[in-house]
**Q** 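Below is the structure I would like to discuss, written out as structure tokens.
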Amino acid sequence: MGTYNFQEIEKKWQKKWKEDRVFVAEKLSDKPKYYVMDMFPYPSGKGLHVGHPLGFIATDIMARYKRVKGYNVLYPMGFDSFGLPAEQYAIKTGIHPAITTEKNIKHYWAQLENVGFSYDPDSMFSTADPEYYKWTQWIFIKMYQHWYNKTEECAQPIEELVKVFEKKGNAGVLAATTQEEAFTPEEWKAMRPPEQEEILMRYRIAYLDYATVNWCPALGTVLANEEVKDGKSERGGHPVERKKMRQWMLRITAYSDRLLKGLEILDWPDSLEAMQKNWIGRSEGASIHYEIVGHEERLEVFTTRPDTIFGNMFMVIAPEHPLVEKLTTKEQKAEVETYVDWAKNRSEVERMADTTKTGVFTGAYTLNPFTEEKLPIWISDYVVITYGTGAIMCVPGHDDRDYEFANKFDIPIREVIAGGDLSKEAYTSKEGKMVNSGFLNGLSPMEAIKAMNDELENRGIGKRKITYRQRDVVWSRQRYWGEPTPIIHKDGVTEPVAWEDLPLDLPEVDQYKPSATGEPPLSRAQDWVNLPDGGKRDMNTMPNWAGSSWYFLRYPDAHNDKAFADPKRMDYWLPVDLYIGGTEHAVGHLMYSRFWTKFLKDLGYLSVEEPFQKLVNQGMIQGTSQMMYRHKKTNKFVSADLIPEGEINEYSQLHADVNLVRAQVLDVEGFKKWTKDESAQFVLNEDKEFRTVPRVEKMSKSYYNTVDPDDMCAQYGADTFRIYEMFLGPIELSKPWNTDGINGVISFMRRMYNLFINDAEQFQVTDEPATKEELKALHTMIKQVGEGIDRMAFNTCVPAFMVFVKELGRMKCYKREVLEPFLICLSPFAPHVCEELWEMLGHGDSITLSSFPDWEEQYLVEDTVEYPVQINGKVRFKLSVPADMGREDIGKEVLAHETAQKWLEGKEPKKLIVVPGRIVNVVI
RNA sequence: GCGGAUGUGGCGAAAUUGGUAGACGCGCUAGAUUUAGGAUCUAGUGCCGCAAGGCGUGGGGGUUCGAGUCCCUCCAUCCGCACCA
């Protein structure tokens, strides 16, 4: 048998690819392009495990496939290098995060090279490279220097806005802004610079503002909403508080509508699209201004159910609402203050865990504009200040929360839509007829919404409004290892760092943690912070999201020093045709990337509105941990099959290193060596084995269930490893890692190799012409593989190869005519061995330069006989049936023809393929 | 509660537009061959049944000549969001 020496082959070709620069894309070309990439990894100290390459292998297959399909392919890889782990390691050890990061990147890159990915080496960069983050800072400054014009749906320079203010004031400006008060040109000109600055901040796309933010005391920094899960920090699971702080923010809400609409044209998974839609949370409703009894101010509320306004019995405002103090009457003051204090100090976790209604009456009333009733204004934390106006009109009859609140505080309930039973629960459906509702009576709720909106607008007390759940994103982090915010504070105003001073490098500091007084780590570099002219540098860094928000724009021109990228290259390469990555970035990275792309498009740097045309979420590869049991009293390890079910609690469970376990049996000696505990005692079963119990959980070093791709490549070869990962199932699916089935792939690889090299180590490929049967096997394979790759069902390609190889082996076919096209088909999956065999076949060029074969139908169809058939005396066409079928078989099918005719209305059928008993297919 | 998905042998899974369900691999069974390896080859392997035959894609119903696939409904599991007005 020929020896398939994968180690030698793989090393040889990896070296050759590198030296010959085979995978460097033509950065500008007339050829059709294909841009495919992965979500780049964060280079942690732990290295890659077998879960990471799943998506990478898929993109590599696509890249290699598109190359042999004649495309100019850009397939890059980079590193998302700013981030928490390197910084926390630095705090612990004092080693500069840049050093750790560089070391980790080297390790990652070596691991990736081992698997044989066809990355374009010229495109590689790290987000922590100053030559890269120079442009991250540049984009940030651009955002700072622009505002969002809602009339033109476009970001525009802030100087132009200033000119408008000087000429006309802000009254006619429709902008994404929190500036509500109007001012005249004279008022504007009379303002001092810090006052003007404050107003401009309300317009800038990157702006400073006091906002209630997620403060994580354990991490010493603020976090974005996307980084908070269930009231805890996504990284580390530390508790998060709400705190009012002045922070850099990005006005992503200016783009909410475009971010929502853009989803329609994208080829993304439904679940991801739904998540983004949900996150943006568009809802249509009305804003209504209520008169407050005895006050000048009005109370603005947002509601999606203006139809129910006749059932509005009370109002609730959030504890943080600005009117709280003003509205509270003397009698209620003490009670209100106690409540507001309590609500503020309640942690997010507590609030989420306990949703029973609490609240307090302010003593103030609004007037229901339609019933003229006095409605009490309450305060409750079930109304959140960050959504809508932080105040609601409450209709206890037709809203679950209002219903619960009204019952608790004995507020009357009125039915305004017939159909429910209000003694039991609120009736929230929009089915039924309006009652007790004045001019709305008799209408359906949908009709009533429209009528009420018209009436509100006529009377000038409200108008239709669209509200988004999405909030502006906090873009400051009180951390060291990130891009410094390129802003200087001086005399109460801010100004950007000059272009020629970019990149604004991170300063050296003595320690990486926040200062003793709670200032960000950058405050430790006082020389850097304080400028000679009295200005002070901003001490915040940008969040981890910053670098990844535009890296896909950099790959085509990764080392450009004059611009973030050459516009011609942007036009040629964008959008990314295929982007693969995990679902964990659904609302973070993917939302920001879309936002930054739209912003840069507005400024004229890009011509695309959306960065990622097709997106695929690869599943997570879970680890299969191996659990072993130790008796709590005797401290002996006991083989799992010896433990009676009822006694399991007497044992403690430990993770054994999965690399020491084969088929649920532990290598006891290896275990002793690993734990460095020679005295450990083991109770073995009657087969003298120590059995473990598998448990599927996250792949993590701490569970000792990680498998290093380097080990897989060393043991089985990169090609086998790649095919096996694809063979596990669809890439979208999560599945536990196990190597149980890898022998099937190994034997396939051996058989495949043996088609070329026989048992006597001789090359046995001949130039004989192939038979029809052999060509049928070939073209079946080509069709299945080509279609499989096109719909990214790589798992279905592998069986096609296996069947093909088995059949050729059975037919003893060692013919060039069949084997050459086969190698090209297989090469995206197993590139090394295919290159090697391609070379043996006498080719001087890389297999990458060949072209993917087309399948031909003539080899695939069965021999057929055609019979003329008449249907209902009208449609005549020919019926093709397999040659071994007789007329009598067709006769059985005549019953079906009436339906067949219906299918075929308006179409010109060529043939019906029939098998005994049924019509199989209609070929048009 | 809202939104999204998924449910097929002992296991991972195929079946692209409705057309012989379970391809391919693992595992298992038997045999062959060598002989201690985590080897190779051959045959078998959805379930029930000696068989003929029957039953089978989470449950129930429907459309169709024909349903894993389409429609309705219920159930289970997973993921995301969540007092969003």
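A, B, ... follow the sequence lines: proteins, then strands. Residue 1 opens every chain.
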**Q** If I pick the P atom on B:C55 and the same atom on B:G61, what distance separates them, to the nearest angstrom?
**A**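 So the two P atoms sit 15 Å from each other.
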
**Q** Compare side-chain N and O positions of A:Asn278 against OP1 and OP2 of B:C2 and report whether any pair is under 4.0 Å apart.
**A**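 No, no such contact exists.
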
**Q** Which of parallel (below 30°), tilted (30 to 60°) and perpendicular (above 60°) describes A:Phe409 and A:Trp378?
**A**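 Correct class here is tilted.
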
**Q** Quick check: are there more than 12 heavy atoms from other residues, nucleotides or ligands sitting under 6.0 Å from NZ of A:Lys344?
**A**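 At most 12 heavy atoms, drawn from other residues, nucleotides or ligands, come within 6.0 Å of this atom.
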
**Q** Which whole number of Å gives the distance between the P atom of B:A43 and that of B:C24?
**A**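 Nearest-Å result for B:A43 against B:C24 at atom P: 12 Å.
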
**Q** For a quick check of understanding: with a heavy-atom distance under 4.0 Å over all strands, which category does A:Leu733 fall into, base, sugar-phosphate or nothing?
**A**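 Contact class for A:Leu733: sugar-phosphate only.
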
**Q** In this structure, is the centre-to-centre distance between the rings of A:Tyr716 and A:Tyr724 below 6.0 Å?
**A**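 Ring centres of A:Tyr716 and A:Tyr724 not closer than 6.0 Å.
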
**Q** Go through B:G25, B:A85, B:A14 for me and flag the one nearest to the A:Ile392 side chain.
**A**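 Selected nucleotide: B:A85.
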
**Q** Quickly work out the A:Arg305 CZ to B:A85 P distance and round it to whole Å.
**A**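 Distance, rounded to whole Å: 11 Å.
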
**Q** Using a heavy-atom cut-off of under 4.0 Å over every strand shown, decide if A:Asp354 touches base, sugar-phosphate, or nothing.
**A**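 Base contact - A:Asp354 has a heavy atom under 4.0 Å of at least one base atom.
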
**Q** Where the side chain of A:Ala274 is defined as all heavy atoms beyond and including C-beta, which of B:G4, B:G25, B:C26 is the nearest nucleotide?
**A**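 The closest nucleotide is B:G4.
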
**Q** May I ask which nucleotide in the shown strands pairs with B:C47, Watson-Crick or G-U wobble, both distances under 3.5 Å?
**A**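 With both distances under 3.5 Å, B:C47 matches B:G54.
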
**Q** Report yes if the distance between the aromatic ring centroids of A:Phe801 and A:Phe829 is under 6.0 Å, otherwise no.
**A**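 Centroid distance A:Phe801-A:Phe829: below 6.0 Å, so yes.
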
**Q** Return the pairing partner of B:C83 with a 3.5 Å limit on both distances, Watson-Crick or G-U wobble; otherwise return none.
**A**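 Check on B:C83: unpaired, no WC or wobble geometry under 3.5 Å.
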
**Q** What's A:Val803 touching, base or sugar-phosphate or nothing? Going by heavy atoms closer than 4.0 Å.
**A**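 Contact class for A:Val803: sugar-phosphate only.
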
**Q** Look at A:Lys277 together with A:Glu264 and state whether they make a salt bridge at an N to O cut-off of under 4.0 Å.
**A**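 Salt bridge between A:Lys277 and A:Glu264, a charged N being under 4.0 Å from a carboxylate O: no.
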
**Q** So if I take every side-chain heavy atom of A:Asp740 and compare against B:C26, B:A15, B:G12, which nucleotide ends up nearest?
**A**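 Out of B:C26, B:A15, B:G12, the nucleotide with an atom closest to A:Asp740's side chain is B:C26.
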
**Q** Using the P atoms only, state how far B:U69 lies from B:A21, rounded to an integer number of Å.
**A**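 B:A21 and B:U69 have their P atoms separated by 13 Å.
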
**Q** Need the pair for B:A13. Rule: Watson-Crick or G-U wobble, both distances under 3.5 Å, any strand; none if unpaired.
**A**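 The base-pairing partner of B:A13, which may sit in any strand shown, does not exist here.
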
**Q** Counting heavy atoms from C-beta on, name the nucleotide in B:A15, B:G12, B:A85 closest to the side chain of A:Val383.
**A**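 Selected nucleotide (nearest to the side chain): B:A85.
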
**Q** By the 4.0 Å heavy-atom rule, please label A:Tyr716 as base, sugar-phosphate, or nothing.
**A**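 Contact class for A:Tyr716: base.
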
**Q** At under 4.0 Å, does any side-chain N or O of A:Arg750 touch on OP1 or OP2 of B:U40?
**A**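 Result: yes.
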
**Q** With a 4.0 Å cutoff (strictly under), does any side-chain N or O of A:Ser283 reach OP1 or OP2 of B:A85?
**A**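 Looking at the OP1 and OP2 atoms of B:A85, one of them is under 4.0 Å from a side-chain N or O of A:Ser283.
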
**Q** Provide the distance between the two P atoms, one in B:G68 and one in B:A30, to the nearest whole Å.
**A**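 Their P atoms lie roughly 35 Å apart.
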
**Q** What is the nucleic acid contact for A:Asn795, judged by heavy atoms within less than 4.0 Å: base, sugar-phosphate only, or nothing?
**A**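 A:Asn795: backbone/sugar contact only, no base atoms under 4.0 Å.
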
**Q** Using whole Å, report how far NZ of A:Lys735 lies from P of B:G25.
**A**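 Spelled out: NZ on A:Lys735 to P on B:G25 is 19 Å.
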
**Q** Verify the ring-centre separation between A:Phe310 and A:Phe370: is it less than 6.0 angstrom?
**A**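 Yes, the ring of A:Phe370 comes within the 6.0 Å limit of the ring of A:Phe310, centre to centre.
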
**Q** Could you give the OH-to-C1' distance, from A:Tyr403 to B:C83, as a whole number of Å?
**A**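 Whole-Å distance recorded here is 17 Å.
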
**Q** Go ahead and name the base partner of B:A23; Watson-Crick or wobble counts if both distances stay under 3.5 Å, otherwise write none.
**A**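 For B:A23, the partner nucleotide comes out as none, under the 3.5 Å rule.
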
**Q** I want to check one thing: is the phosphate of B:C41, taken as OP1 and OP2, less than 4.0 Å away from some side-chain N or O of A:Arg751?
**A**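 Yes, A:Arg751 has a side-chain N/O under 4.0 Å of OP1/OP2 on B:C41.
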
**Q** Would you mind reading off the distance between A:Met749 atom CE and B:C24 atom C1', rounded to a whole angstrom?
**A**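 That distance rounds to 16 Å.
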
**Q** For the side chain of A:Pro730, counting heavy atoms from C-beta on, which of B:A14, B:C83, B:G4 is nearest?
**A**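 The answer is B:A14.
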
**Q** Please tell me which of the listed nucleotides, B:A85, B:A15, B:G80, lies nearest to the side chain of A:Met275?
**A**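 Nearest nucleotide to the side chain: B:G80.
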
**Q** P atom, B:G62 versus B:C11: distance in rounded Å?
**A**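 Here B:G62 and B:C11 have their P atoms 30 Å from each other.
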
**Q** Determine which nucleotide pairs with B:C78, using a 3.5 Å limit on both distances of a Watson-Crick or G-U wobble pair.
**A**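 With both distances under 3.5 Å, B:C78 matches B:G4.
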
**Q** When syn is taken as a glycosidic angle within 90 degrees of 0, is B:G49 syn or anti?
**A**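 For B:G49, whose glycosidic angle is more than 90° from 0, the conformation is anti.
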
**Q** Take atom CZ of A:Arg469 and atom C1' of B:G80, then tell me their distance rounded to the nearest Å.
**A**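 Going from A:Arg469 (CZ) to B:G80 (C1'), I get 11 Å.
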
**Q** Just how far, in rounded Å, is P of B:G3 from CH2 of A:Trp268?
**A**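 Rounded to whole Å, this separation is 22 Å.
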
**Q** Considering every strand and a 4.0 Å limit on heavy-atom distances, what is the contact class for A:Thr355: base, sugar-phosphate, or nothing?
**A**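 Here A:Thr355 touches the bases of the nucleic acid.
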
**Q** Which part of the nucleic acid, if any, lies within contact of A:Pro269, taking any heavy atom under 4.0 Å across all strands shown: a base, the sugar-phosphate backbone alone, or nothing?
**A**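 If one applies the 4.0 Å heavy-atom cut-off, A:Pro269 turns out to touch nothing in the nucleic acid.
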
**Q** Taking the P atom of each, how far is B:G4 from B:C71, in whole Å?
**A**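 Between the two P atoms, the distance is 14 Å.
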
**Q** Parallel, tilted or perpendicular: which fits the ring planes of A:His585 and A:His589, with parallel below 30° and perpendicular above 60°?
**A**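 The rings of A:His585 and A:His589 stand perpendicular, inter-plane angle above 60°.
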
**Q** Both distances under 3.5 Å, Watson-Crick or G-U wobble: report the partner of B:C70, or none.
**A**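 Per the H-bond distance test, B:G62.
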
**Q** May I ask you to decide whether A:Arg282 forms a salt bridge with A:Glu284, counting only side-chain N to carboxylate O separations under 4.0 Å?
**A**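 Salt bridge: yes.
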
**Q** From the options B:A85, B:C24, B:A14, select the nucleotide whose nearest atom is closest to the side chain of A:Thr304.
**A**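 Per side-chain heavy atoms of A:Thr304, the pick is B:A85.
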
**Q** Given atom CE of A:Met781 and atom P of B:C24, what is their separation to the nearest angstrom?
**A**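 From A:Met781 CE to B:C24 P: 16 Å.
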
**Q** Nearest of B:A23, B:A15, B:G4 to any side-chain atom of A:Asp270?
**A**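 Looking only at heavy atoms from C-beta outward on A:Asp270, the closest nucleotide is B:G4.
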
**Q** Could you tell me how far apart A:Glu732 (CD) and B:G7 (P) are, to the nearest whole angstrom?
**A**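 Taking atom P of B:G7 as the reference, CD of A:Glu732 is at 12 Å.
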
**Q** Please check if the number of heavy atoms outside A:Met792 that lie under 6.0 Å from its CE is greater than 12.
**A**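 More than 12 within 6.0 Å, yes.
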
**Q** Checking contacts here: which listed nucleotide (B:A85, B:G25, B:C83) is nearest the side-chain heavy atoms of A:Tyr387?
**A**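 For A:Tyr387, the side-chain atoms sit closest to B:A85.
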
**Q** Look at the side-chain N and O atoms of A:Lys806 and state whether any lies under 4.0 Å from the OP1 or OP2 oxygen of B:G25.
**A**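 Answer yes for this pair, as a side-chain N or O of A:Lys806 is under 4.0 Å from OP1 or OP2.
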
